[in-house]
Protein chains: 2
Amino acid sequence: MRAAADILRQHRLPVTAQRVAVLSEVSRRPHATADEIAEGVRVELGSISRQSVYNVLTVLTDKGIIRRIQPADSAARYEDRVGDNHHHLVCRACGHTQDVCCAKGHAPCLTAHDHHGFAIDEAEVIYWGLCPACQRKPKR
Amino acid sequence: MRAAADILRQHRLPVTAQRVAVLSEVSRRPHATADEIAEGVRVELGSISRQSVYNVLTVLTDKGIIRRIQPADSAARYEDRVGDNHHHLVCRACGHTQDVCCAKGHAPCLTAHDHHGFAIDEAEVIYWGLCPACQRKPKR
DNA sequence: AAAAGATTTTGACATTGTCCAAATCACCGG
DNA sequence: CCGGTGATTTGGACAATGTCAAAATCTTTT
Ligand SMILES: [Mn+2]
Ligand SMILES: [Mn+2]
Ligand SMILES: [Zn+2]
Ligand SMILES: [Zn+2]
C-alpha cells in the first residue's frame, strides 16, 4: 500500500498533515465513522477540527480514493477498499461491519428484473444479522 | 386492504385518531418520510405532534404492520408492504423510491458466500441510479 | 361513569452534518 | 530561500432527524 502523501499527490491534491492523517486512519481502521477517524487522527496530530475531518473525507470520496457507506442506524463509515464492488455484513446489535465478497463479479452485480426505467449504476447489498460475539451475548 | 382501525385492534393496540391517520397515510403514500407523513396526517386531523408521528411509526414497525427503510442521504421511509421481501430502486438525484421484486424468492434472498460467522436474517438490496424524470434533466 | 393504564404533547436535548468567514498553510516562481 | 496566491483549516452558527422525560389527555375496561 502506497504512502498516503503519494496518493494525494497522484490525485493533484495539496498534501496537508490533516489529509495524510485522515487517509492513513481510514486505511488503518476500515469502516470507521467520522468521529472515530477524528479520534484516531488526534492521537497522531494532537488535534484536528471536526470540519476538516468532514472536508477531507469528502474530497477523498469525491476523488474515488475512499468509499463512504451509510448503513441504517449508523453514522457514515469510510473505507480504503474501492473499486472491488464488495458488500457488507452488518451486526444489528453492535454495528460491527465486515467485508464480504460480491457473489457476482462486477458492478452492478445484480440486475433488477424490472428496473422501471431507472438507469442503475450500483447494486448495494447489506446483509443484516448478528456478529459472532453478539450471538453469544444473552438475548433479551 | 382492511381499515386501519381493524388492523390496530387485531394487534391489540388501542385505537387512536393519530394511529389510524398515520397508518392510513403510510398506506396511501408508500415510501414517505416521517415529515411527509406528518403533513399528510395534518390534512386529515388538523394537527399531530412530531413526537406522536414517531411514536406511532415505531410501534407499527415493531408490530410488523409497516416497514422502515433507511436509504443513505434520506430520512427513514415507511411502507405498508411487509413480508414480501421486495427491494428498492432509489434515484440519486431526487430520492424517488420504487419497489422492485426480489430476484430470488424469500428472505434472505441472497446468501453471502463466506458469512464470517454472522447469523444473517436479511439481505437488503438497494439499486442506485437515476429515475426516468431525472435522466431527462440537464446533467451537471 | 370512574379508574387504570396507555398515548399524546411539549420542550429540551443528542447526533451527525453543512455553511460561512477569517486565519493559516502549501506550492510555485523568482 | 522568500513572497504571493489560491486552497485548506478552523471555529461557530445552524439544520435535519431523532430521542427523552414528565405532564396532560385519551381508551378501555369495570
Ligand atoms: Mn468494506
Ligand atoms: Mn417498498
Ligand atoms: Zn455484534
Ligand atoms: Zn429522480
Practice prompt. Calculate the interatomic distance between B/L8 atom CG and D/dT28 atom C1'; express it in whole Å.
Written response: 14 Å

Worksheet item: For B/L57 and D/dT19, what is the distance between atoms CG and P respectively, to the nearest whole Å?
Response: 10 Å

Item to complete: Go through the structure and list residues passing side chain to side chain donor-acceptor pair (under 3.5 Å) with A/T61, not counting sequence neighbours.
Response: none

Practice prompt. Take A/R28 and A/E25 through the test salt bridge (Lys or Arg N to Asp or Glu O under 4.0 Å) and record every step on the way to the result.
Written response: CA-CA 5 Å; A/R28 207 171 65 69; A/E25 189 65 20; 3.1 Å; yes

Worksheet, complete the sentence: Atom CG of B/L23 and atom P of C/dT7 are separated, to the nearest Å, by 15 Å

Worksheet item: Starting at CD1 of B/I37 and ending at P of D/dA16, how long is that distance when rounded to a whole Å?
Response: 18 Å

Item to complete: Give a yes or no on this: more than 12 heavy atoms of other residues, nucleotides or ligands lie within 6.0 Å of atom CD of B/E44.
Response: no

Discussion item. Using side-chain heavy atoms (C-beta onward) and a distance below 4.5 Å, is A/L89 in contact with A/T97?
Written reply: no

Discussion item. With a 4.5 Å cut-off on side-chain heavy-atom distances among I, L, V, M, F, W and Y, is there a chain of contacts connecting B/Y54 to B/V22?
Written reply: no

Worksheet item: For A/S49 and D/dG11, is the shortest distance between a side-chain N/O and OP1 or OP2 below 4.0 Å?
Response: no

Fill in: Under 4.0 Å protein heavy-atom contacts per nucleotide of nucleotides 17-30 of chain C, with B for base, S for backbone only and - for none
BBB------SS---

Practice prompt. Five pairs at each end of the helix from C/dA1-D/dT30 to C/dG30-D/dC1: take the axis at both ends and give me the angle between them to 10°.
Written response: 30°

Fill in: Within-4.5 Å side-chain heavy-atom neighbours: A/T58 and A/D62
yes

Practice prompt. Provide, to the nearest angstrom, the distance between the CG atom belonging to B/L45 and the C1' atom belonging to D/dC26.
Written response: 13 Å

Discussion item. Could you tell me how far apart B/E39 (CD) and D/dA16 (P) are, to the nearest whole angstrom?
Written reply: 13 Å

Worksheet item: What about the rings of A/H31 and A/H88, do their centers lie closer together than 6.0 Å?
Response: yes

Worksheet entry | Rounded distance (Å) that lies between atom C1' of D/dG18 and atom CG of B/N55 | 11 Å

Worksheet item: Within a strict 4.5 Å, meaning less than it, do heavy atoms of the A/R77 and A/E36 side chains meet?
Response: yes

Worksheet item: Hey, are A/D121 and B/R92 close enough for a salt bridge, meaning a charged N less than 4.0 Å from a carboxylate O?
Response: yes

